[in-house]
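Single-structure report; data block below.
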Amino acid sequence: MKPTRTWIVIADGDQAKIFENDGPGKGLKPISNLTLEQERLRAREIMADRPGRTGTAPGAHAAIQYHSDPVDMRERRFVEHLADILDRKRMEGAFSRLVIAAAPAALGDLRPA
């Protein structure tokens, strides 16, 4: 009988580590070639410019707000990339069970991906 290979993914929006377990008493082995990480950045480090300003009345100006949070978008793309990798590895038969421990926002982005 083929052993049940379980992958354990620990992730947030900026990093993911994947461990493997081959059965009871075997412990966890890190899968070193599948450690994903991106540098944590703030919105002002991602966006080249500050949002513009608009005149609402003579002499008055108001800042234009971003339509989306660039940090959230960057983290969502990271999690979608992780989902693509996990799906590809699942189709290759690299694991038979998957356990995911993720930050709430990352898990929310990972579910639909």
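Please read these numbers as outputs of a predicted model, since none were measured by experiment.
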Nearest heavy-atom pair of [X] and [Y]: which atoms, and what distance?
X     : Y     : answer
Trp7  : Glu20 : NE1-OE2, 3.1 Å
Leu28 : Phe19 : CB-CB, 4.2 Å
Asp14 : Asp12 : N-OD1, 2.8 Å

Could you check whether any side-chain heavy atom of [X] comes within less than 4.5 Å of a side-chain heavy atom of [Y], counting everything from C-beta outward?
X     : Y      : result
Ile10 : Ile100 : no
Lys29 : Asp22  : yes
Val99 : Val9   : no

When you group the ILVMFWY residues by side-chain heavy-atom contacts below 4.5 Å and let the links chain together, are Leu107 and Val79 in the same group?
yes

Hydrophobic clusters here meaning ILVMFWY residues chained together by side-chain heavy-atom distances under 4.5 Å, can you tell me if Ile8 and Ile31 are in one?
no

Rounded to the nearest 0.5 angstrom, the CD1-CG distance for Ile18 and Leu86 is 5.0 Å

Spatial distance of atom CG (Leu82) from atom CD (Gln15) [nearest 0.5 Å]:
11.5 Å

Keeping the roles fixed (side chain from Thr6, backbone from Leu98), state whether a donor-acceptor pair exists under 3.5 Å.
no

Side chain to side chain contact (heavy atoms under 4.5 Å, CB included) with Asp109: which of Arg76, Arg77, Glu80?
Arg76

If the threshold is 4.0 Å, N to carboxylate O, is there a salt bridge linking Lys89 and Glu92?
yes

